[in-house]
Amino acid sequence: QVQLVESGGGLVQAGGSLRLSCAASGRTFSSYTMGWFRQAPGKEREFAATISWLGGRTYYADSVKGRFTISRDNAKNTVTLQMNNLKPEDTAVYYCAARSGYQAATTQSAYNYWGQGTQVTVSS
């Protein structure tokens with residue numbers, strides 16, 4: 001069982017940066033692949049980024065590639081999402097997710113555990 005708590009959301013102007021963190025409970029954090037998803041108002045939740053259990057593989061949605069960076073610290077049971085050059089279309093609730101296994105995944109159904117989400121608002 002894994003519990004996830006996100007933090008770091010807020011209001012930022014376009015072009016600015018935010019760093020989201022996700023703290024995970026449990027002693028087997030390193031055996032989980034981690035992901036970030038987001039849901040904009042009136043839209044379906046979508047994939048943003050994922051990182052494999054040892055951090056060797058990362059994948060990004062085309063919409064965030066080159067601007068967002070996902071990383072993890074297995075010693076601290078945390079995964080972060082550094083978001084740079086933010087755009088108004090990045091406004092969404094951002095969710096941290098975990099899945100058992102070592103393969104990174106981009107689909108929501110692959111993930112077993114979800115956080116409550118943190119709001120990111122980018123003003124123009």
Side-chain angles (χ1 to χ4, degrees):
Q1 190 78 3
V2 176
Q3 291 186 326
L4 306 171
V5 179
E6 302 97 335
S7 62
L11 174 64
V12 65
Q13 289 188 333
S17 299
L18 280 176
R19 184 178 179 88
L20 304 184
S21 293
C22 175
S25 64
R27 291 177 289 180
T28 58
F29 175 74
S30 60
S31 65
Y32 287 86
T33 288
M34 303 299 296
W36 285 96
F37 290 76
R38 65 185 186 180
Q39 186 168 19
K43 294 188 176 181
E44 301 275 327
R45 189 158 58 183
E46 64 178 12
F47 165 74
T50 182
I51 186 166
S52 60
W53 65 330
L54 293 178
R57 291 182 183 269
T58 57
Y59 298 95
Y60 299 91
D62 288 343
S63 57
V64 308
K65 198 173 296 181
R67 301 186 297 121
F68 290 11
T69 302
I70 188 172
S71 60
R72 67 188 296 162
D73 185 337
N74 287 343
K76 296 182 178 179
N77 282 15
T78 58
V79 60
T80 61
L81 185 68
Q82 178 66 43
M83 306 185 295
N84 298 328
N85 190 22
L86 283 161
K87 304 175 181 180
E89 52 263 43
D90 294 318
T91 295
V93 177
Y94 284 71
Y95 297 91
C96 176
R99 70 182 294 268
S100 302
Y102 62 90
Q103 286 187 313
T106 62
T107 56
Q108 296 183 58
S109 59
Y111 289 81
N112 310 102
Y113 305 101
W114 294 83
Q116 293 298 308
T118 185
Q119 177 70 47
V120 171
T121 303
V122 184
S123 63
S124 57

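Fair warning: this is a prediction, and the values are worked out from it, not measured in the lab. Index from 1, following the sequence.
A donor-acceptor pair under 3.5 Å links the side-chain atoms of T33 to the main chain of Q103, judged by distance alone.
S52 and A104 get closest at one heavy-atom pair: N-CB, 4.4 Å. When every heavy atom of E6 is checked against every heavy atom of C96, the shortest pair comes out as OE2-N, 2.8 Å. Among all heavy-atom pairs drawn from L4 and A24, the shortest one is CD2-CB, 3.6 Å. For S17 against Q82, the heavy-atom pair with the smallest separation is CB-NE2, 4.0 Å. When all heavy atoms are compared, the tightest approach of Y32 to V2 is CZ-CG2, 3.3 Å. Taking each heavy atom of R72 and N74 in turn, the nearest pair found is NE-OD1, 2.7 Å.
Atom CD of Q39 has more than 12 heavy atoms from other residues, nucleotides or ligands within 6.0 Å.
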Could you please spell out the steps behind the side-chain contact (heavy atoms from CB on, under 4.5 Å) verdict for L20 and M83?
CA-CA 8 Å; L20 304 184; M83 306 185 295; 3.7 Å; yes
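Between I51 atom CD1 and T80 atom OG1 the span is 8.0 Å, to the nearest 0.5 Å. Once rounded to the nearest 0.5 Å, the distance linking CG of N77 with OG1 of T28 reads 8.5 Å. The line from CG of L81 to SG of C22 is 10.5 Å long, rounded to the nearest 0.5 Å. In this structure, the separation between OH on Y95 and CZ on F37 is 12.0 Å, given to the nearest 0.5 Å. Expressed to the nearest 0.5 Å, how far CZ of R67 lies from CG of N84 amounts to 9.0 Å. Considering OG1 of T106 and OH of Y59, their distance stands at 9.5 Å, rounded to 0.5 Å.
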List, one per line, each side-chain donor-acceptor pair under 3.5 Å for residues 41-50, sequence neighbours excluded.
{"unit_1": "R45", "atom_1": "NE", "unit_2": "Q108", "atom_2": "OE1", "d": "2.9"}
{"unit_1": "R45", "atom_1": "NH2", "unit_2": "Q108", "atom_2": "OE1", "d": "3.4"}
{"unit_1": "E46", "atom_1": "OE2", "unit_2": "R38", "atom_2": "NE", "d": "2.8"}
{"unit_1": "E46", "atom_1": "OE2", "unit_2": "R38", "atom_2": "NH2", "d": "3.3"}
{"unit_1": "T50", "atom_1": "OG1", "unit_2": "M34", "atom_2": "O", "d": "2.9"}
{"unit_1": "T50", "atom_1": "OG1", "unit_2": "Y111", "atom_2": "OH", "d": "2.9"}

Pairs of donor and acceptor atoms involving the side chains of residues 115-124, under 3.5 Å and at least two apart or interchain, shall be tabulated with distances.
{"unit_1": "T118", "atom_1": "OG1", "unit_2": "G9", "atom_2": "N", "d": "3.2"}
{"unit_1": "Q119", "atom_1": "NE2", "unit_2": "A92", "atom_2": "O", "d": "3.4"}
{"unit_1": "Q119", "atom_1": "NE2", "unit_2": "T121", "atom_2": "OG1", "d": "3.3"}

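In this model, no donor atom of one side chain and acceptor atom of the other lie less than 3.5 Å apart for S7 and S21.
Annotation: salt bridge (charged side-chain N to carboxylate O under 4.0 Å, His left out) contacts of K65 (sequence neighbours excluded): D62.
Residues V93 and V64 do not share a hydrophobic cluster, defined by chaining ILVMFWY side chains whose heavy atoms lie under 4.5 Å apart.
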